[in-house]
Amino acid sequence: MVVLSQPPALEHCSLIKTCKPTCVFTGIPVIDLRDPEAKTLMVKACEEYGFFKLINHGVPMEFMTRLEAEALSFFNLPQSDKDKATPFGYGSNKIGPNGDVGWIEYLLVNTNPQLTSLKTLSENFCSYAVNDYILAVKRLAFEVVEIMADGLEIEPRNVLSRLLRDEKSDSCFRLNHYPPCPQLQALSGRNLIGFGEHTDPQIISILRSNNTSGLQICLRDRTWVSVPPDQTSFFIGVGDALQVMSNGRLRSVRHRVLIDSMKSRVSMIYFGGPPMSEKIVALPCLMAKGEESLYKEFTWWEYKTCAYNSRLGANRLGLFEKTANASL
């Protein structure tokens, strides 16, 4: 059994009580990337859920399983060895600088190939395991947002993808490891938070995990539902930046991860972000005549700074709504 070498005390972690078991949601849209109707289905899924499952995506299963094996090998190292990677993106328990904690350890790196963090990750892992996976998922992200653009009738269709392709794109890659917590069996009716509820601030998120459950999304009626895991597929999430660029038409998905008592969960997420100086504003082509933008104009750097300085579960976009109050 894999456990953290220095797990946080349960009293320092977030526990939630559920009055009834959270339902496994069977309504997650499943979209075949090669379906001629994919562009319409993606837009519909992102309007309703901000989230969908992508199949027939073209990323070799070998890339996924190889990187997962490399990740587990790293997370199984003695804590002292993992701590040496702290300057290059390793962390455990603490999520951000504002007091949020989770039953988690992770590696977080910028995907710019010129930066030291990605080079170091490649050196500590089998280099082709990292590079093959990230390159394939980046290509997938470009294709997904271009298909979305087709569905939204945005011209040119690379309005979104050019931001991710830009050499100054502030995109990042995260490997999360959620160890099992056997103590949970004694906490009847309560669940341990691995990663607290939040929305992703970027444009789009491309997630793949092993077959351990734990991911939950929040529906429009504020009901939390469990997403059935599928290690062969990707889950696509709308980020806050895309919500703004679509003037609220596409909604960023609020989500969280709960811990399993017996099985570890490993997830890998590519977060597609724009360059720091990019202005995030509603696209005129998506607004009806006379329609007002719901959000104030801001740069990605301004929004990222706001996100970094706020609690994980905060409504960060609330500060940028034109009708917003002065505080969250």
Side-chain angles (χ1 to χ4, degrees), residues 28-29 42 45-54 89 91 95-98 100 102 104 106-111 134 137-138 140-142 144-145 148 160-161 163-164 169-176 178 193-209 214-220 224-225 227 234-246 248-258 265 267-276 278 280 295 298-321 328:
I28 299 291
M42 284 185 187
C46 292
E47 289 176 337
E48 179 61 27
Y49 301 105
F51 187 82
F52 60 89
K53 175 175 163 178
L54 189 67
I95 303 173
N98 303 302
D100 294 293
I104 185 177
Y106 58 87
L107 280 164
L108 177 63
V109 297
N110 191 290
T111 58
I134 290 181
V137 174
K138 286 173 73 172
L140 177 62
F142 303 157
V144 167
V145 295
M148 283 185 183
L160 300 174
S161 64
L163 302 177
L164 308 186
S169 166
D170 185 45
S171 297
C172 58
F173 178 65
R174 185 175 182 121
L175 283 166
N176 289 332
Y178 302 96
I193 294 289
F195 207 114
E197 65 172 271
H198 64 287
T199 58
D200 295 331
Q202 292 87 356
I203 294 172
I204 193 170
S205 304
I206 313 286
L207 177 146
R208 185 264 174 188
S209 76
L215 177 64
Q216 296 188 332
I217 63 170
C218 188
L219 304 181
R220 284 186 179 273
W224 284 96
V225 294
V227 178
F234 286 96
F235 291 93
I236 313 299
V238 172
D240 294 340
L242 186 52
Q243 177 170 320
V244 173
M245 296 174 77
S246 67
R249 180 173 170 183
L250 309 185
R251 57 184 292 262
S252 58
V253 59
R254 183 162 288 267
H255 54 290
R256 67 187 182 190
V257 175
L258 304 185
R265 175 179 168 86
S267 62
M268 358 179 156
I269 314 100
Y270 167 78
F271 299 96
M276 286 289 197
E278 185 70 25
I280 307 300
Y295 305 95
F298 53 87
T299 65
W300 171 240
W301 180 86
E302 290 172 326
Y303 191 64
K304 184 176 179 179
T305 301
C306 171
Y308 185 78
N309 291 326
S310 62
R311 291 299 296 266
L312 184 64
N315 174 22
R316 307 179 190 111
L317 277 181
L319 286 175
F320 296 89
E321 292 174 359
L328 291 179

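Heavy atoms only: backbone and side chains are in, while hydrogens, waters and symmetry mates are out.
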- Message: How close do Leu163 and Ser169 get, counting heavy atoms only, and between which atoms?
- Response: O-CB, 3.3 Å

- Message: Would you compute the distance between atom NE2 of His198 and atom CG of Leu312 and round it to the nearest 0.5 angstrom?
- Response: 5.5 Å

- Item | Interatomic spacing from CD1 in Ile236 to OG in Ser205 - rounded to 0.5 Å | 9.0 Å

- Heavy-atom closest pair (Ile95 atom, Gly194 atom, distance to 0.1 Å) is CD1-O, 4.1 Å

- Which atom pair, heavy atoms only, marks the closest approach of Met276 to Thr299? O-CB, 3.9 Å

- Query: How many angstroms lie between CG in Leu207 and CG in Leu54, if you round to the nearest 0.5 Å?
  - Reply: 12.0 Å

- Message: Under 6.0 Å from the ring centre and within 45 degrees of the ring axis: does the NZ or CZ of Arg208 meet both conditions for the six-membered ring of Phe234?
- Response: no

- For Cys172 against Leu108, the heavy-atom pair lying closest together: SG-CD1, 4.1 Å

- Set of side-chain hydrogen bond (donor to acceptor under 3.5 Å, both in side chains) partners for Glu48, sequence neighbours left out: none

- Task: Evaluate the side-chain proximity of Val244 to Leu242: yes if any heavy-atom separation is below 4.5 Å, no if none is.
- Result: no

- From Tyr178 atom OH to Asn176 atom CG, the distance as rounded to the nearest 0.5 Å: 4.0 Å

- Query: Rounded to the nearest 0.5 Å, what separation is found between the OG1 atom of Thr305 and the CZ atom of Phe298?
  - Reply: 11.5 Å

- Message: Are the side chains of Leu215 and Phe51 in contact, using a 4.5 Å heavy-atom criterion?
- Response: yes

- Message: Checking Leu250 against Gln243 for the side chain to side chain contact (heavy atoms under 4.5 Å, CB included) test, could you report, in this order, the C-alpha distance in whole Å, the side-chain angles of both residues, the deciding distance, and whether it holds?
- Response: CA-CA 5 Å; Leu250 309 185; Gln243 177 170 320; 5.8 Å; no

- For Asp170 and Asn110, does a side-chain donor sit closer than 3.5 Å to a side-chain acceptor? yes

- Task: Indicate yes or no: at least one non-hydrogen side-chain atom of Ile28 is less than 4.5 angstrom from one of Tyr49.
- Result: no

- Ile203 and Val238, any side-chain heavy atoms less than 4.5 Å apart: no

- Any idea how Tyr303 and Phe320 line up, ring-wise: parallel (<30°), tilted (30 to 60°), or perpendicular (>60°)? perpendicular

- Assess whether side chain to side chain contact (heavy atoms under 4.5 Å, CB included) is satisfied between Leu317 and Asn315, documenting all intermediate values. CA-CA 6 Å; Leu317 277 181; Asn315 174 22; 4.1 Å; yes

- Which atom names give the shortest non-hydrogen contact between Phe52 and Cys46, and what distance separates them? CE2-SG, 3.7 Å

- side-chain hydrogen bond (donor to acceptor under 3.5 Å, both in side chains) involving Asp100 - partner list, sequence neighbours excluded: Arg311

- Exercise: identify the closest heavy-atom pair between Ser171 and Gly272: OG-CA, 3.5 Å

- Any salt bridge between Arg251 and Glu47, counting N to O under 4.0 Å? no

- Query: Would you say Thr111 and Tyr270 make side-chain contact, with heavy atoms under 4.5 Å?
  - Reply: yes

- Message: Taking the side chain as everything from C-beta on, heavy atoms only, tell me whether Ser209 gets closer than 4.5 Å to Arg265.
- Response: yes

- Calculate, to the nearest 0.5 Å, the distance between atoms CD1 and CD1 belonging to Ile206 and Ile204 respectively. 4.0 Å

- Message: Going by side-chain hydrogen bond (donor to acceptor under 3.5 Å, both in side chains), name the residues that satisfy it together with Gln202, two or more places apart in sequence or in a different chain.
- Response: none

- Item | Check: Gln216 side chain, Arg256 main-chain N or O, donor-acceptor pair, under 3.5 Å | no

- Query: Side chains of Pro97 and Tyr308: does their closest heavy-atom pair fall under 4.5 Å?
  - Reply: yes

- Ignoring hydrogens and geometry, is there a side-chain-to-backbone donor-acceptor pair from Arg254 to Gly313 under 3.5 Å? yes

- Query: Under 3.5 Å, is there a donor-acceptor pair between the side chain of Ser310 and the main chain of Ala314?
  - Reply: no

- Item | Non-hydrogen side-chain atoms of Ile280 and Asp240 separated by less than 4.5 Å | no

